[in-house]
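Written below as structure tokens is the structure these notes are about.
Below, all heavy atoms of this structure are taken into account, side chains as well, without hydrogens, waters or symmetry copies.
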Amino acid sequence: MTRQRQVLDAAIRVLGAGGTRQLTHRAVDAEAGLPQGSTSNHFRTRDALVAAVLRRLLERETGIWGALARDVTTPESFARAVGGLVTELVAERTTTLARHALFVEVARRPELREHVDAAQRELASWALPLVTALGCPDPPADLAVLLAVVDGLLSNQLANPRAGFDPERAIHAVLRGILAG
């Protein structure tokens, strides 16, 4: 693991445990077990750190998705893969709470929005062909709906965990509705 990745993963843990107010260079250094100033050597400003954490979160989520979505050719396999992604992200509670904390910060600080936009464009570059191949009538709009459902499922399960949580079923129901037009 590179030092930069070590710093970013520590920043994700700080965010997930305490929210954006806790995200400081000093807190990340402590979490990473590094000498003071290490985080600052990689990311001079807090905004630079936030932008890098957003990219690292996308990298991690893309890795999870890639492992789950090897054979996504039918609505059922898509729902299974996306449901698996949601289940995995719920299990990675700290990471998902960090992601949500950053989204709240971006909502309050529009100057950071370009980083979320870049992440969404990257996500769309590999997700749009999947939803297009499934036969979605308006792939960009339909992908936006599916991503909103994923975010809602994540938020609800993190805030109010339910036994028997079945994101696959919910994703499949939404996808059926999209495909039915």
Side-chain angles (χ1 to χ4, degrees), residues 1-23 27-28 30-33 39 49-107 115-116 118-120 122-128 130-131 134 142-176 178:
M1 176 182 293
T2 67
R3 176 69 57 103
Q4 191 171 24
R5 183 171 283 174
Q6 182 182 4
V7 166
L8 293 174
D9 288 346
I12 289 168
R13 291 190 301 275
V14 168
L15 275 167
T20 57
R21 299 189 95 189
Q22 301 303 312
L23 184 65
V28 174
E31 177 65 30
T39 299
L49 179 61
V50 167
V53 168
L54 281 166
R55 286 189 302 274
R56 177 68 178 134
L57 285 168
L58 178 67
E59 178 185 303
R60 288 171 70 166
E61 287 182 16
T62 302
I64 294 168
W65 172 254
L68 294 170
R70 297 206 195 296
D71 183 32
V72 176
T73 57
T74 66
E76 295 76 19
S77 63
F78 183 88
R80 191 169 33 260
V82 175
L85 173 67
V86 171
T87 299
E88 185 75 24
L89 291 174
V90 166
E92 290 195 20
R93 183 177 179 81
T94 300
T95 300
T96 302
L97 288 172
R99 177 179 178 268
H100 284 275
L102 281 179
F103 281 1
V104 170
E105 176 142 341
V106 169
H115 303 293
V116 173
Q120 287 177 338
E122 186 174 332
L123 174 78
S125 73
W126 54 265
L128 275 174
L130 294 175
V131 297
L134 292 174
D142 298 337
L143 177 60
V145 167
L146 289 164
L147 293 175
V149 169
V150 166
D151 281 336
L153 289 167
L154 285 169
S155 295
N156 288 333
Q157 186 63 12
L158 289 172
N160 187 21
R162 293 185 332 252
F165 177 60
D166 186 5
E168 180 180 335
R169 182 172 172 224
I171 295 294
H172 196 251
V174 170
L175 187 55
R176 266 195 318 268
I178 288 170

Inter-residue atom distance [X].[atom1] - [Y].[atom2], 0.5 Å rounding:
X	Y	atom1	atom2	value
F103	T20	CZ	OG1	13.5 Å
R99	R56	CZ	CZ	15.0 Å
R55	L58	CZ	CG	10.0 Å
L15	L57	CG	CG	8.0 Å
T39	Q4	OG1	CD	10.5 Å
T73	L130	OG1	CG	10.0 Å

Fill in: L153 and its side chain to side chain contact (heavy atoms under 4.5 Å, CB included) partner, picked from D151, N156, V149
V149
Worksheet item: Side chain of T94, backbone of G16: donor and acceptor closer than 3.5 Å?
Response: no
Worksheet item: Any donor and acceptor pair, going by atom type alone, linking the side chain of Q6 with main-chain N or O of A32 inside 3.5 Å?
Response: yes
Compare every heavy atom of [Y] with every heavy atom of [X], then report the nearest pair and how far apart it is.
X	Y	answer
L8	A52	CD2-CB, 3.5 Å
L143	A124	CD2-CA, 4.1 Å
V53	A11	CG2-CB, 3.6 Å
L23	V50	CD2-CG2, 3.9 Å
V14	Q22	CG1-O, 3.4 Å
A79	I171	CA-CG2, 3.8 Å

Discussion item. Walk me through whether V82 and L146 qualify under side-chain contact (heavy atoms from CB on, under 4.5 Å).
Written reply: CA-CA 9 Å; V82 175; L146 289 164; over 6 Å; no
Worksheet, complete the sentence: When R169, R176, E168 are each screened for side chain to side chain donor-acceptor pair (under 3.5 Å) with H172, the one that passes is R176
Using side-chain heavy atoms (C-beta onward) and a distance below 4.5 Å, is [X] in contact with [Y]?
X	Y	result
R60	I12	yes
T95	L89	no
V131	D142	no
L102	H115	no

Discussion item. Between E59 and R5, is the side-chain contact (heavy atoms from CB on, under 4.5 Å) condition met? List the steps.
Written reply: CA-CA 11 Å; E59 178 185 303; R5 183 171 283 174; 2.6 Å; yes
Worksheet entry | Audit row: L154, H100, side-chain contact (heavy atoms from CB on, under 4.5 Å) steps and yes/no | CA-CA 10 Å; L154 285 169; H100 284 275; 4.1 Å; yes
